[in-house]
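Structure record follows, encoded as structure tokens.
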Amino acid sequence: MTVHIDNEQLAELKEVLEDEFGILISTYLADAKLRLQLIEQGLQNQDYDAVRLAAHSLKGASANLGALLLAELCEKLEHDCKVGQTQGCDILLKKMEVEFITIQVELLML
């Protein structure tokens with residue numbers, strides 16, 4: 001079974017942040033949507049530096065929240081753009097979008 005969110009990591013964040021936890025979740029979800037849009041725009045414009053930067057940002061935010069599979073996909077996209085391996089980046093984006101939807105559902109059910 002695929003683990004989409006590290007629940008232990010998320011529980012620790014919830015304990016530390018208390019009342020601010022909901023703000024963290026809504027901020028993450030809004031930011032992640034924006035980063036995915038920036039990645040899509042970057043791919044359409046063949047601006048792989050913009051794609052790399054957006055993927056890097058989303059990777060960090062996702063890892064901090066325990067969304068490790070999404071963070072891994074971001075890392076792969078970031079790496080591929082850095083080394084100029086741009087074939088298949090659109091497929092990676094689709095995988096990231098599907099994973100984000102799964103994460104979003106899990107986070108909104110908390």
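Note: hydrogens, waters and symmetry copies are ignored here, and every other heavy atom, side chains too, is used. Here the structure is a predicted model, which means the values were calculated and not measured.
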Closest heavy-atom contact between [X] and [Y]?
X: L70; Y: M96; value: CD1-O, 3.7 Å
X: K59; Y: E78; value: NZ-OE1, 2.9 Å
X: L65; Y: L24; value: CD1-CD2, 3.6 Å
X: A54; Y: I39; value: CB-CG1, 3.6 Å
X: Y28; Y: A67; value: OH-CB, 4.2 Å
X: K14; Y: F21; value: CA-CD1, 3.4 Å

[Y] backbone acceptor or donor facing [X] side chain under 3.5 Å:
X: S26; Y: I23; result: yes
X: Q9; Y: A63; result: yes
X: N45; Y: Q41; result: yes

query = What do you reckon, is NE2 of H56 surrounded by more than 12 foreign heavy atoms closer than 6.0 Å?
reply = no
ask   = Do other residues, nucleotides or ligands put more than 12 heavy atoms under 6.0 Å from the CD atom of Q44?
value = yes
Which value, rounded to the nearest 0.5 Å, describes the distance between [X] atom [atom1] and [Y] atom [atom2]?
X: L92; Y: E72; atom1: CG; atom2: CD; value: 11.5 Å
X: R52; Y: S57; atom1: CZ; atom2: OG; value: 12.0 Å
X: Q46; Y: C89; atom1: CD; atom2: SG; value: 10.5 Å
X: L58; Y: L77; atom1: CG; atom2: CG; value: 9.5 Å
X: E18; Y: E20; atom1: CD; atom2: CD; value: 9.0 Å
X: L68; Y: E99; atom1: CG; atom2: CD; value: 9.5 Å

I5 and L107: CA distance, side-chain angles, deciding distance, side-chain contact (heavy atoms from CB on, under 4.5 Å) verdict = CA-CA 9 Å; I5 296 177; L107 290 175; 3.7 Å; yes
When hydrophobic residues are tied together by side-chain contacts of less than 4.5 Å, even through go-betweens, does [X] share a cluster with [Y]?
X: V98; Y: L43; answer: no
X: L73; Y: L29; answer: yes
X: L10; Y: L17; answer: yes

query = Stepwise, does the side-chain contact (heavy atoms from CB on, under 4.5 Å) test hold for L36 with L93?
reply = CA-CA 8 Å; L36 288 168; L93 173 60; 4.0 Å; yes
ask   = Can a salt bridge be assigned to the pair D90 and K94 using a cut-off of 4.0 Å between side-chain N and carboxylate O?
value = no
query = Between N64 and L13, is a side-chain contact (heavy atoms from CB on, under 4.5 Å) present by the stated rule, with each step listed?
reply = CA-CA 9 Å; N64 288 338; L13 274 174; 5.8 Å; no
